[in-house]
Amino acid sequence: QVQLAETGGGAVQAGGSLRLACAASATSKMSGYDMVWFRQPPGKEREFVAAIESDHIGTGIKYSDSVKGRFSISRDSAKNTVYLQIHSLIPEDTAVYYCGADRLGNPERWNRSANSRMSYQFWGQGTQVVVSS
């Protein structure tokens, strides 16, 4: 069982930056898991933001087109934590941000499915980001 906890959300003005963190429970070595960030804007469906491949499989990183160039996903395996660095925030980034984890198993499946919510079994409770104009 993997337990995830997101932190770092808050209220910021457009143009600002935030760093979200997703910490895993001590019994889960996150280096062996593929990790993902999704977000759910108010009144909308949860959408893919960024994914990072397991350290055991590869070095793949994916971003949605809407955040590419402004968001950066990374992991610190020693701290069992995955980060989402967000720059140049815009009001459209307002959402609850969730991290997810699972073992997709191989690079082919990761390339095909890393941006799919259905690929991940474990999820955190989310952290709220509100961007004002």
Side-chain angles (χ1 to χ4, degrees):
Q1 188 72 16
V2 175
Q3 294 180 325
L4 305 172
E6 303 93 336
T7 57
V12 296
Q13 289 192 330
S17 298
L18 282 174
R19 188 175 77 159
L20 308 183
C22 173
S25 55
T27 57
S28 307
K29 295 296 183 184
M30 299 315 298
S31 60
Y33 285 82
D34 301 292
M35 303 294 296
V36 72
W37 286 94
F38 270 67
R39 67 184 181 185
Q40 188 162 14
K44 296 184 178 180
E45 296 291 316
R46 199 174 296 193
E47 62 185 22
F48 169 74
V49 173
I52 187 166
E53 200 170 11
S54 156
D55 283 348
H56 297 180
I57 301 297
T59 58
I61 288 177
K62 288 180 181 284
Y63 298 100
S64 70
D65 288 342
S66 63
V67 307
K68 202 173 292 183
R70 298 189 298 118
F71 287 30
S72 178
I73 188 171
S74 62
R75 67 164 81 224
D76 185 335
S77 296
K79 294 183 178 179
N80 236 19
T81 300
V82 172
Y83 300 97
L84 186 69
Q85 180 69 53
I86 309 173
H87 295 295
S88 303
L89 279 155
I90 58 177
E92 290 75 16
D93 294 323
T94 294
V96 179
Y97 285 72
Y98 298 90
C99 72
D102 214 322
R103 291 175 170 142
L104 273 63
N106 59 71
E108 291 73 25
R109 186 183 174 202
W110 189 87
N111 283 326
R112 184 175 65 249
S113 310
N115 60 346
S116 171
R117 182 179 175 184
M118 299 302 295
S119 296
Y120 303 91
Q121 179 180 2
F122 305 107
W123 292 94
Q125 293 300 307
T127 185
Q128 175 79 56
V129 172
V130 177
V131 183
S132 58
S133 57

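Just so it is clear, the structure is predicted and the values come from calculations on it, not from any experiment.
Of all heavy-atom pairs between S31 and S54, the closest is O-OG, 3.2 Å. Between C22 and W37, the shortest heavy-atom contact is CB-CZ2, 3.6 Å. In plain terms, the two heavy atoms of S66 and R70 that are nearest each other are O-NH2, 3.4 Å. Of all the heavy atoms in K68 and D65, the pair that sits closest is NZ-OD1, 3.3 Å.
Remark: side-chain polar atoms of K62 are not paired, donor with acceptor, to backbone N or O of V36 under 3.5 angstrom. No side-chain donor-acceptor contact under 3.5 Å links E6 to the backbone of L20. At distances below 3.5 Å, not a single donor-acceptor pair connects side-chain atoms of Y83 with backbone N or O atoms of S72. With hydrogens and angles ignored, the 3.5 Å screen pairs no side-chain donor or acceptor of Q128 with any backbone N or O of G10. With hydrogens and angles disregarded, no donor-acceptor distance shorter than 3.5 Å links the side chain of D102 to the backbone of L104. Side chain of N80 to backbone of A23: no donor-acceptor contact under 3.5 angstrom is found.
Atom OH of Y98 sits about 8.0 Å away from atom CD of Q125, to the nearest 0.5 Å.
The six-membered or imidazole ring of F38 lies near that of W123, with a centre-to-centre distance under 6.0 Å.
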>> Walk me through whether M30 and V82 qualify under side chain to side chain contact (heavy atoms under 4.5 Å, CB included).
In response: CA-CA 9 Å; M30 299 315 298; V82 172; 5.5 Å; no

>> Is there a side chain to side chain contact (heavy atoms under 4.5 Å, CB included) between E108 and N111? Walk through the geometry before answering.
In response: CA-CA 5 Å; E108 291 73 25; N111 283 326; 5.8 Å; no

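Among the candidates V96, V129, D93, T94, the single residue satisfying the side-chain contact (heavy atoms from CB on, under 4.5 Å) test with R39 is D93.
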